[in-house]
Amino acid sequence: MVNYKELGLVNTREMFKRAVAGGYAIPAFNFNTMEQMQAIVMAAVETQSPVIMQVSKGARNYANGTILRNLAKGAVEYAKELGCEAPEIVLHLDHGDTFELCKDCIDNGFSSVMIDGSSLPYEENIALTKKVVDYAHQFDVTVEAELGVLAGVEDEVVAAESHYTKPEEVVDFATRTGCDSLAISIGTSHGAHKFTPEQCTLVNGVLVPPPLAFDVLAEIEKKLPGFPIVLHGSSSVPQDEVATINKYGGKLEAAIGIPEEQLRKASKSAVCKINIDSDSRLAMTAAIRKYLAENPSHFDPRQYLKPARENMKKMYIHKIVNVLGSNGKLACAK
Ligand code: G3H
Ligand code: 13P
Ligand code: ZN
């Protein structure tokens with residue numbers, strides 16, 4: 001058993017309280033590699049932001065849970081080495097799908113877990129979430145749950161009202177499960193292809209997707225005042241990175257994300273955690289493709305991973321400062 005406190009990590013409770021009250025959101029960046037971890041830490045330290053480093057089941061399979069936990073421990077020490085006296089770093093399980101997976105993470109240094117029962121019938125989602133909460137809270141680990149299904153592009157987001165979180169369910173769900181935060185569905189979705197061009201409107205040559213369902217968010221906020229809300233699927237799919245990827249041999253067609261002004265607006269509400277993974281993948285891939293195309297004789301991974309790390313760091317800083325507003329929000333930054 002390794003408790004996260006031994007690793008210098010924190011849970012989400014205090015940072016969410018401050019974020020909801022302060023009208024900003026905490027970044028939740030997925031990581032699978034050392035370079036992503038370094039870029040996240042450098043960005044968080046430079047901006048004095050709390051940060052959630054999250055690990056999916058796929059990341060655990062790719063990189064090994066023990067290695068990722070030690071990377072998170074290294075992240076805390078690295079942040080201190082970079083001059084941050086009291087970093088606030090959460091190690092979070094993203095989209096845990098079973099009690100056993102959540103328990104394994106809680107027992108092995110995670111300070112927060114998500115139990116994603118959103119595809120289960122309502123009562124089964126409640127039962128599974130409550131079981132995870134009861135276990136996690138014994139160790140002061142916070143739990144994110146999910147209600148509503150994130151629409152995929154095939155579900156035709158615009159018309160997929162039935163996939164949105166039902167505001168009339170949230171009080172019952174939060175009360176009966178005891179979860180610490182709630183991921184909701186208001187029109188975001190995972191990956192780099194969130195909307196088809198047909199779902200978008202052409203404005204000044206740019207494809208603008210339909211807006212998020214802010215009316216649903218407002219109703220949820222009214223029912224659960226001050227309760228921490230989470231948005232998944234919140235990459236914006238920067239078109240300059242897509243263009244770079246395509247210029248240097250990639251083939252990403254109709255890659256469309258959530259406009260940043262929509263996320264800026266959401267950050268000011270009870271949304272206090274915003275999940276971003278795809279934008280990091282795009283930043284890394286664009287930099288690597290460009291470097292290798294321009295330096296065809298190079299084969300030392302450090303040569304192309306360095307610009308990839310720099311590009312991710314730049315993207316993370318941009319999100320923190322210009323979209324989520326969590327810069328300068330460390331408790332010790334006051
Ligand atoms: O929500 C999913 C995250 O982007 C993680 O993706 O399962 O491919 O690691 P992954
Ligand atoms: P994106 O694919 O939009 O980056 O979403 C990531 C996410 O929600 C991780 O849980
Ligand atoms: Zn997600």
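Hydrogens, waters and symmetry mates are skipped; everything else that's a heavy atom, side chains included, is used. Just so you know, ligand 1 is whichever comes first in the structure, and atom 1 is the first atom listed for that ligand.
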Item to check | Intermediate values then yes/no, side chain to side chain contact (heavy atoms under 4.5 Å, CB included), Leu305 and Ile288 | outcome: CA-CA 7 Å; Leu305 289 175; Ile288 292 174; 4.0 Å; yes
Checklist entry - Does any non-hydrogen side-chain atom of Tyr316 lie less than 4.5 Å from one of Phe29? => result yes
Checklist entry - With distance as the sole criterion, is a donor-acceptor pair present between the side chains of His190 and Asp277 under 3.5 Å? => result no
Checklist entry - Which of the atoms of ligand 2 are close to Ile276, meaning less than 4.0 Å from one of its heavy atoms? => result 4 (O)
Checklist entry - Does the N or O separation between Asn275 and ligand 2 drop below 3.5 Å for any pair? => result yes
Next on the checklist: Within ligand 2, which atoms have a heavy atom of Asn30 less than 4.0 Å away?
Outcome noted: 9 (C)
Checklist entry - Just heavy atoms, cut-off under 4.0 Å: does His95 contact ligand 1 by side chain, backbone, both, or neither? => result side chain
Checklist entry - Within the structure, does Ser278 bring an N/O atom to less than 3.5 angstrom of an N/O atom in ligand 2? => result yes
Checklist entry - Under 4.0 Å from ligand 2, counting heavy atoms only, is it the side chain of Ser234, its backbone, both or neither? => result backbone
Checklist entry - Of the protein's non-hydrogen atoms, which lies at the shortest distance from atom 7 (O) of ligand 1, and what is that distance? => result Ser56 OG, 3.6 Å
Item to check | Qualifying residue for side chain to side chain donor-acceptor pair (under 3.5 Å) with His95, from His232, Lys57, Glu144 | outcome: His232
Checklist entry - Can we say Lys73 and Glu6 salt-bridge, meaning some charged N sits less than 4.0 Å from an Asp/Glu carboxylate O? => result no
Checklist entry - In His95, what N, O or S atom is nearest to the Zn ion (ligand 3), if we give its atom name? => result NE2
Checklist entry - For His232 and ligand 1, does the shortest N/O to N/O distance drop below 3.5 Å? => result no
Checklist entry - What is the ring orientation for Tyr304 with Tyr291, classed by angle as parallel under 30°, tilted 30 to 60°, or perpendicular over 60°? => result tilted
Checklist entry - Does ligand 1 have a heavy atom under 4.0 Å from the side chain of Arg281, from its backbone, from both, or from neither? => result side chain
Checklist outcome for this item: A student checking ligand 2 against Lys194 at a 4.0 Å heavy-atom cut-off should list atoms 1 (P), 2 (O), 3 (O)
Next on the checklist: Under a 4.0 Å threshold between the charged nitrogen and the carboxylate oxygen, would Lys306 count as salt-bridged to Glu310?
Outcome noted: no
Checklist entry - Considering only heavy atoms of Asp277, which atoms of ligand 1 have at least one such atom less than 4.0 Å away? => result 3 (C), 4 (O), 5 (C), 6 (O)
Item to check | Ligand-side contact atoms (ligand 1) for residue partner Asn30, heavy atom cut-off under 4.0 Å | outcome: 3 (C), 5 (C)
Next on the checklist: Taking Lys223 first and then Glu221, would you say they form a salt bridge - that is, a charged N and a carboxylate O separated by under 4.0 Å?
Outcome noted: no
Checklist entry - Tell me, which N, O or S atom in His232 is closest to the Zn ion (ligand 3)? => result ND1
Checklist entry - Is the shortest distance from a Lys or Arg side-chain nitrogen in Glu100 or Lys103 to a carboxylate oxygen in the other one below 4.0 Å? => result no
Checklist entry - Is any NZ, NE, NH1 or NH2 atom of the basic residue among Arg289 and Glu294 found under 4.0 Å from an Asp or Glu carboxylate oxygen of the other? => result no
Next on the checklist: I want to check a possible cation-pi pair here: Lys265 against Phe214, using under 6.0 Å from ring centre and within 45° of the ring axis as the test.
Outcome noted: yes
Next on the checklist: Would you compute the distance between atom CG of Asp279 and atom CE of Met315 and round it to the nearest 0.5 angstrom?
Outcome noted: 5.5 Å
Next on the checklist: Out of all atoms in ligand 2, which are within 4.0 Å of some heavy atom of His95? Include the element for each.
Outcome noted: 10 (O)
Next on the checklist: Any nitrogen or oxygen of Gly233 lying under 3.5 Å from a nitrogen or oxygen in ligand 2? Just yes or no.
Outcome noted: yes
Item to check | Those atoms of ligand 2 less than 4.0 Å from some heavy atom in His232 | outcome: 8 (O), 10 (O)
Checklist entry - What are the atoms of ligand 2, with element, lying closer than 4.0 Å to any heavy atom of His190? => result 2 (O), 5 (O), 6 (C), 7 (C), 8 (O), 10 (O)
Checklist outcome for this item: The protein heavy atom nearest to atom 10 (O) of ligand 2 is Asp94 OD2, 2.6 Å
